[in-house]
**Q** 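I'd like to ask you about the structure that follows.
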Protein chains: 2
Amino acid sequence: MATDSPAGEPPPGGQRVDARRNRQAVLDAAAEVFVTSGVDAPIRRIAARAGVGMATIYRHFPTRADLVTAVYRHQIEACAEAGPRLLAEADSPFDALRRWIDLFVDFLVTKHGLADALRSEDDRFAALHSYFLDRLLPVCGQLLDAAVEAGDIEAGTRPYELMRGIGNLCIGHENDPRYDPRRLIALLLQGLRQPPAP
Amino acid sequence: MATDSPAGEPPPGGQRVDARRNRQAVLDAAAEVFVTSGVDAPIRRIAARAGVGMATIYRHFPTRADLVTAVYRHQIEACAEAGPRLLAEADSPFDALRRWIDLFVDFLVTKHGLADALRSEDDRFAALHSYFLDRLLPVCGQLLDAAVEAGDIEAGTRPYELMRGIGNLCIGHENDPRYDPRRLIALLLQGLRQPPAP
DNA sequence: TATTAAGTGGAGCGATGCTCCGTTTTCCTG
DNA sequence: CAGGAAAACGGAGCATCGCTCCACTTAATA
């Protein structure tokens, strides 16, 4: 708690060099392990891979969610920053929304178990949930509002609901060629569309 | 394996009375525990509640999924049987599909963690997955086909995809008043709808 | 009643999450 | 450049849980 801010930003400079080195080693190891074993990988394994003790991981990242957010922080930021950009360069607000959701889905789909973790009621993941929401909800809301204002979609859909739904739809697509989240998400967006004025 | 069929039907009569009694005790205890602690509740707890040893549970229900399906078997059957009935009595095939999905969602939403278990990649739940699919997929397919044939919805959506999506959308709604799966499912259905012929 | 096989229960093993605390390392100060 | 305080470390240790194994109990049968 005292050594790291919850959202996983790089810590302030007042740390010992060994602490900083270990922190980075843990981050690197976690990134590797997450790819093969998902974000639920045993802490022991990450610690072993990083060549540190378990306590070191817990000290730097009190919660599993802190570790996960730290590992994926750059990609989450990129996704957040893409929102306004897409809104500016896309053909329509609806198109921007669609393309932004594509980015979000790409991100979720390539991280084993991330979508599962996101919706988890497990307290260990509460901070992950919060970080995603804090960072991406406003972006999603902005896109939704713009699409509503342009008359592309009906009003009344809240960003939280939409993002939760998309996250949920991305769960468990691995090892199941019969299930393609993107098709359903496209359907969802289709349903969101404003029926053309009579 | 030798004492129970995978889908959780009542076993054939050739059992000792104590075995039959214990089986029922386990079923009752599991039903109670599932309500409060979800379908992930520790086997130990269910065993304690039923007043039996853990091995007794594992002997009757080799897999957690077997226990879960046995507990909910009647409701799954009811849902399966409702399909054709709705198709006969609803205003349109699309209406039947909508009402059937309502039933399915009601079922999922009232069982803590059931939706989670359904999509789980955990091998322990493979049989649960199979049972749901075997029993409900044909029903869903029939409703979809009818709706397509009536021109209510576009062709090309496979039952498996739809059911997986609905199941996924039902995950994690508990303790979160901001998330209502039904709204998103309605949106999904809306997207499925055939745009009225020009 | 005696025999037997079906049935039972819980100790025990391995895996995992998380903490506690004695030890080591860094860094600052005199 | 010592020397000591504080920061950081690491892994043993406890708790929980899934699942198995096997000595014991009990119902059915001859």
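Residue numbers begin at 1 in each chain, while the letters A, B, ... track the order of the sequences. We use all heavy atoms of the structure for the numbers below, so side chains are in, but hydrogens, waters and symmetry mates are not.
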**Q** If you assign each of B:R45 and B:V17 to its closest nucleotide in DNA chain D, which residue comes earlier from the 5' end?
**A** B:R45
**Q** Before accepting this row, confirm whether a basic side-chain N of the pair B:D28/B:R49 lies closer than 4.0 Å to the acidic partner's carboxylate O.
**A** no
**Q** On DNA chain C, nearest-nucleotide positions of B:D18 versus B:R44: which is more 5'?
**A** B:D18
**Q** Decide yes or no for A:N168 and A:L118: does some side-chain heavy atom of the first lie under 4.5 Å from some side-chain heavy atom of the second?
**A** no
**Q** Atom CZ of B:R21 to atom P of D:dT26: distance rounded to whole Å?
**A** 11 Å
**Q** Nearest of C:dG9, C:dC27, D:dG18 to any side-chain atom of B:T56?
**A** C:dG9
**Q** Please state how far atom CZ in B:F61 lies from atom C1' in D:dG18, giving the value in whole angstrom units.
**A** 18 Å
**Q** Please determine if a side-chain N or O atom of B:H60 lies less than 4.0 Å away from the OP1 or OP2 oxygen of C:dG7.
**A** no
**Q** Of the candidate nucleotides D:dA8, C:dT8, C:dT19, which contains the atom at the shortest distance from the side chain of B:A19?
**A** C:dT8
**Q** Whole angstrom is fine here: how far is it from CD1 in A:I43 over to C1' in C:dA15?
**A** 14 Å
**Q** With a 4.0 Å cut-off on N to O distance, would you call B:E89 and B:R99 a salt bridge?
**A** yes
**Q** A:Q15 CD to C:dT26 P: how many Å, rounded?
**A** 14 Å
**Q** Taking only Lys NZ, Arg NE, NH1 and NH2, and the carboxylate oxygens of Asp or Glu, determine whether B:E161 and A:R178 approach each other closer than 4.0 Å.
**A** no
**Q** Please report the distance, rounded to the nearest Å, between CG in B:L67 and P in D:dC19.
**A** 12 Å
**Q** Where are the stems of DNA chain D, defined as at least 3 consecutive Watson-Crick or wobble G-U pairs with both distances under 3.5 Å?
**A** C:1-30 with D:1-30
**Q** State, without any angle test, whether A:Y58 and A:D66 hold a side-chain donor-acceptor pair at a distance under 3.5 Å.
**A** no
**Q** With respect to the phosphate group of D:dA8, does any side-chain polar atom (N or O) of A:N22 fall under 4.0 Å of OP1 or OP2?
**A** no
**Q** Ion pair present between B:D180 and B:R183, side-chain N to carboxylate O less than 4.0 angstrom?
**A** no
**Q** By nearest heavy atom, map A:V52 and B:M54 onto DNA chain D; which one lands nearer the 5' end?
**A** A:V52
**Q** Nearest to the side chain of A:R59, heavy atoms from C-beta on, is which of C:dT19, D:dA8, D:dA28?
**A** D:dA8
**Q** Using whole Å, what does the distance between atom P of nucleotide D:dC17 and atom CG of A:D122 come to?
**A** 13 Å
**Q** Please confirm whether any donor atom in the side chain of A:R16 sits under 3.5 Å from an acceptor in the base of D:dA7, or the reverse.
**A** yes
**Q** Could you check how far CD1 of B:I46 sits from P of D:dT16, rounded to whole Å?
**A** 17 Å
**Q** Tell me: CZ of A:R23 to C1' of D:dC9, nearest whole Å?
**A** 17 Å
**Q** Before accepting this row, confirm whether a basic side-chain N of the pair A:D176/B:R164 lies closer than 4.0 Å to the acidic partner's carboxylate O.
**A** yes
